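Below is one structure; the comments refer to it alone.
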Amino acid sequence: PVHFLIRKNWYLPAPEVSPRNPAHFRLVSKEKMPWDSIKLTFEATGPSHMSFYVRTHKGSTLSQWSLGNGIPVTSRGGDYFVFYSHGLQASAWRFWIEVQVSEEQAEGMVTVAIAAHYLSGENKRSSQLDALKKKFPDWSFPSAWVSTYSLFVF
């Protein structure tokens, strides 16, 4: 829900960060279903807060998933978004999406992305982020953390 409250974002160029405990995202299986859809099962491990994004390509629709009540709901732009949080000692997050494909595309049927938000611990900070926070006036309270973003096409 937080994602939809943010109307505008600014991204500042910065060197790539390398968290000591980076997030891992992988495709566990790709399975053709009897009803002519493709089921993609994923596994993610990482910090206590992660965001998962899905964008279907032309000729594809997201028909169901194992998240929420199983019925995908898009945002205004047609993308799908899930904000996932867990305790500090959690097992891998395993979930699946099912994509209905009406026409094959050379560039794949779906784009998925995972963003890892390091809200606490040693990975929360970087020297560039600390320098930026020092530029804010004393009366402000900037909220900042390191995030990584990985994008995949299937």
Side-chain angles (χ1 to χ4, degrees), residues 1-88 90-121 123-126 128-129 132 142-154:
V2 172
H3 175 74
F4 301 111
L5 296 175
I6 300 170
R7 302 262 183 223
K8 183 101 176 162
N9 289 307
W10 291 274
Y11 296 95
L12 302 174
E16 185 174 334
V17 294
S18 299
R20 185 172 269 167
N21 300 308
H24 295 283
F25 181 78
R26 71 182 184 102
L27 175 68
V28 175
S29 66
K30 179 180 178 181
E31 160 181 23
K32 183 142 177 72
M33 305 307 286
W35 41 90
D36 293 329
S37 66
I38 309 284
K39 182 178 182 180
L40 302 170
T41 301
F42 301 104
E43 186 176 270
T45 58
S48 62
H49 293 76
M50 294 184 277
S51 301
F52 176 65
Y53 304 88
V54 179
R55 176 175 288 174
T56 56
H57 296 191
K58 181 181 175 191
S60 299
T61 56
L62 185 60
S63 56
Q64 58 181 329
W65 61 9
S66 62
L67 304 164
N69 66 359
I71 302 166
V73 178
T74 63
S75 68
R76 289 175 296 231
D79 295 334
Y80 301 87
F81 168 81
V82 174
F83 187 73
Y84 175 71
S85 65
H86 61 76
L88 296 178
S91 57
W93 179 30
R94 190 176 275 233
F95 57 94
W96 54 263
I97 63 173
E98 214 169 283
V99 182
Q100 196 79 37
V101 182
S102 60
E103 57 183 271
E104 282 290 320
Q105 297 293 321
E107 65 275 354
M109 64 183 153
V110 67
T111 296
V112 298
I114 193 91
H117 307 283
Y118 297 92
L119 301 177
S120 62
N123 293 312
K124 177 184 176 176
R125 302 173 61 175
S126 72
Q128 295 82 10
L129 188 56
L132 176 63
S143 177
W145 59 87
V146 167
S147 290
T148 60
Y149 182 83
S150 301
L151 183 132
F152 307 90
V153 177
F154 297 99

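Everything numeric in this text was worked out from a predicted model, so none of it was measured.
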For Gln64 and Trp96: C-alpha separation, side-chain torsions, deciding distance, then whether side-chain contact (heavy atoms from CB on, under 4.5 Å) applies. CA-CA 9 Å; Gln64 58 181 329; Trp96 54 263; 3.8 Å; yes
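- The CH2 atom of Trp93 lies 6.0 Å from the CE atom of Met50; values are rounded to the nearest 0.5 Å.
- In this structure, Arg20 and Asn123 approach most closely via the heavy-atom pair N-OD1, 2.7 Å.
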Take Val82 and Trp65, measure what side-chain contact (heavy atoms from CB on, under 4.5 Å) needs, and give me the verdict at the end. CA-CA 11 Å; Val82 174; Trp65 61 9; 3.7 Å; yes
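- Side-chain N or O atoms of Asp79 include none that pairs as donor or acceptor with a backbone N or O of Arg55 at under 3.5 Å.
- The two residues Glu43 and Val28 have their closest heavy-atom pair at CB-CG2, 3.6 Å.
- The aromatic ring centres of Phe95 and Tyr84 sit 6.0 Å or more apart.
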When you look at Val99 and Ser60, which way does the side-chain contact (heavy atoms from CB on, under 4.5 Å) test go after all the steps? CA-CA 6 Å; Val99 182; Ser60 299; 3.8 Å; yes
Could you tabulate the donor-acceptor pairs under 3.5 Å formed by side-chain atoms of residues 144-154, not counting sequence neighbours?
residue, atom, partner, partner atom, Å
Trp145, NE1, Ser147, OG, 3.3
Ser147, OG, His117, ND1, 3.0

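- Looking at every heavy atom in both residues, Gly108 comes nearest to His57 through O-ND1, 2.9 Å.
- The shortest distance between side-chain heavy atoms of Leu67 and Phe52 falls below 4.5 Å.
- A donor-acceptor pair under 3.5 Å is formed between the side chain of Ser102 and the backbone N or O of Gly59.
- With a 4.5 Å cut-off on side-chain heavy atoms, Ser37 and Lys39 do not count as touching.
- Of all non-hydrogen atoms in Ala23 and Pro47, the two that sit nearest each other are CB-CD, 4.2 Å.
- For the atom pair CD (Glu31) and OG1 (Thr41), the distance works out to 6.5 Å, reported to the nearest 0.5 Å.
- Taking the side chain as every heavy atom from C-beta outward, Met109 and Thr56 never approach each other to under 4.5 Å.
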Using side-chain contact (heavy atoms from CB on, under 4.5 Å), reason through Val110 and Tyr80 one step at a time and then give a plain yes or no. CA-CA 11 Å; Val110 67; Tyr80 301 87; over 6 Å; no
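- No more than 12 heavy atoms of other residues, nucleotides or ligands shown are found within 6.0 angstrom of NZ on Lys30.
- When all heavy atoms of Pro22 and Pro19 are compared, the pair lying nearest together is CD-O, 3.4 Å.
- Counting only distance, with no hydrogens or angles, the side chain of Thr45 and the backbone of Ala92 share no donor-acceptor pair below 3.5 Å.
- Heavy atoms only, all atoms of each residue included: Leu27 and Ser29 are closest at CD1-O, 3.3 Å.
- Side-chain contact between Val112 and Phe25: present, with at least one pair of heavy atoms (C-beta onward) separated by less than 4.5 Å.
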Apply the test side chain to side chain donor-acceptor pair (under 3.5 Å) to residues Trp35 and Glu98: give CA-CA distance (whole Å), side-chain angles for both, the deciding distance (0.1 Å), then the verdict. CA-CA 11 Å; Trp35 41 90; Glu98 214 169 283; 2.5 Å; yes
